[in-house]
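Numbered from 1 within each chain, the chains take letters A, B, ... in sequence-line order.
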Amino acid sequence: MSNLRVRFAPSPTGYLHIGGARTALFNYLLAQKEKGTFVLRIEDTDVARSTQESVDAILQAMDWLGLSCDEGPFYQSQRFDLYQEKIEQLLSEGKAYRCFCTQEELEEKRNRAQAEGRKPKYDGTCRDKTGQSTDQPHVVRFRFPQDGETSFNDRIKGVIRFANEEMDDLIIRRTDGTPTYNFVVVVDDATMGINLVLRGDDHVNNTPRQIPMYEALGFEVPEFAHVPMILGADKARLSKRHGATSVMAYRDMGYLPEAMVNYLVRLGWSFGDEEIFSMDELIEKFSLDNVGKSAGVFNPEKLLWLNAHYIKTGDVSRIADLLKVHLQKLGVDADAGPDLEAVVRSLQERAQTLVEMAEGAKFYFADHVDYEEKAQNKFLTADKKDALEAVIRHLEGMNDCTEESVEKAFAAMMEETGLKFGKFGPSVRVALTGTTSSPSNYEMIAVLGVEESCRRIRAAITALV
RNA sequence: GCGCUCAUCGUCUAGCCUGGUCUAGGACACCGCCCUUUCACGGCGGCGACGGGGGUUCGAAUCCCCCUGGGCGUACCA
């Protein structure tokens, strides 16, 4: 295909959700891979439901994921003149007609048809009417061919056919004069030169309705590729009741964008046994050939695993920057404490999200260590006094404060006192953190520094029970 | 209801097009062992699937048909 042109066309009636993000990602990857063009179009023909906040939220989410577009965003609400022109064209060519049926009449007919077991389809009352005054309220319908079939070769699903008699005469202009989705999407995709429409599975049924419109308008019909839906654990379409579905909610929960991208791409696409992909690798390896046909269940645990992976292997200074935000949310001033990068290094292998990391980092920045009751009762007992004092002595005797020197200081202390690590190590941990679960004592002391570490141990000595 | 569509471990998937190399491979989760200064990381191992029934064939996860189940659509929403 020469010069691939794809698009992502969200309607701004909410946040960018997981499913939309994956569709956007697939489009982006394909455009990058083929050195094509990725167009972003905002589908806001439903003026009542579209909001600027939603537009901003979607843009922000795409930016977070690193999905930059080459053209756009274009707004359908600013292209009404074009749609109007095309509707007039179809009208004058007899390919569309005015329909004066009221919504109530239509609804009644639909209900009756359903009750009698017939297809709920427009009955064509106004199809061949003439001489109606255009002053009367009316919609415009597309005159859909009623014979034969419409088919297309979906790049993911293969050949799909529909009998034309199944198709309705779609309303393309509402009574209030605004155009409807199935029409504008055709006009836009055609005039924007989109030659591959890569979108969600839920649009398969729209495709045979749109193809005749391309033809009626004299446009070339693009290729289509429909990516399977994302379902929740109960196999129902993914929705809020399955948990967070907004992409940005995951950022707030401490997820890294590369984890989200990696997770999303593997839901429906695979490359042999590989699980971990950077964006660059994806651009190189992504292909519609390896996109599956069946719907997939959103699995938050695998996303979490990927997130942990990227936290573990991520660039320390970047993680530190991101961590700051989450620390702030916990009311911690990241600048008033030990070196943030050192903090990150000590926590990287222990946190699955940045939120978790921030929680785990809190103790580094605490003025006063709050002891967990159980930990205090078990490890901060009066008989530890001598050992803790010995630890302080040896720590203060160090020339520098690296993990290695701390380890040596502990070794010397054990040598001198004859104590095994288990006799005082956990107590030091509780003195430093207030809990029994943390990075190693050596690491923590190296991060906190001698002065702060000893201050905490002294404080613990005064709190022995 | 009708139309479209999908169907391999609990989940994401490889394999299917070009039947035999599949006692069906990998990953997440789960369980066990090892490592270990706690918590983690890591290593090793285990559990676990071709939805059912008919064909075709020497041989079917792979090809065909039926059934069942799931998803989507059926708007003056997109």
- prompt: Has A:T45 got a side-chain N or O lying under 4.0 Å from the OP1 or OP2 atom of B:A78?
  reply: yes
Between A:R456 and A:E452, does any side-chain N to carboxylate O distance fall below 4.0 Å?
yes
Here the residues of residues 304-313 of chain A within 4.0 Å heavy-atom distance, strictly under, of RNA chain B are A:W305, A:K312
Test side chain to side chain contact (heavy atoms under 4.5 Å, CB included), reference A:F224, set A:L198, A:N153, A:D154, output is A:D154
Check: Does the side chain of A:S438 get closer than 4.0 angstrom to OP1 or OP2 of B:C39 through an N or O atom?
Finding: no
Notebook entry, point to check: Salt bridge or not for A:R393 and A:E389, using N-O below 4.0 Å?
Noted result: no
- Using a heavy-atom cut-off of under 4.0 Å over every strand shown, decide if A:D46 touches base, sugar-phosphate, or nothing. sugar-phosphate
Check your understanding: So, are A:E88 and A:R173 salt-bridged, with charged N and O less than 4.0 Å apart?
Key -> yes
Reading nucleotides 1-9 of chain B from 5' to 3' and marking B where a protein heavy atom lies under 4.0 Å of the base, S where only the sugar-phosphate is that close, and - otherwise, the string is BSBSSSS--
If we take the C1' atom in both B:G43 and B:A49, what is their distance in whole Å?
27 Å
Discussion item. With a 4.5 Å cut-off on side-chain heavy atoms, are A:V265 and A:F26 touching?
Written reply: yes
Q.
Closer than 4.0 angstrom, basic N to acidic O: yes or no for A:R345 and A:E443?
A. no
> Looking just at side-chain N and O atoms, do A:D44 and A:S77 make a donor-acceptor pair shorter than 3.5 Å?
Replying inline: yes
Got A:D234 and A:H242 here, is their nearest side-chain heavy-atom distance under 4.5 Å?
yes
Separation of B:G71 atom C1' from A:R237 atom CZ, nearest Å, is 9 Å
Inset, instruction - Tell me what A:P10 touches on the nucleic acid: a base, only sugar-phosphate, or nothing, going by heavy atoms under 4.0 Å. - result: nothing
* **Between B:A78 and B:C65 - C1' atom distance, rounded Å** => 38 Å
To the nearest angstrom, the CZ-P distance between A:R110 and B:C76 comes to 5 Å
Atom CG of A:L347 and atom P of B:U38 are separated, to the nearest Å, by 17 Å
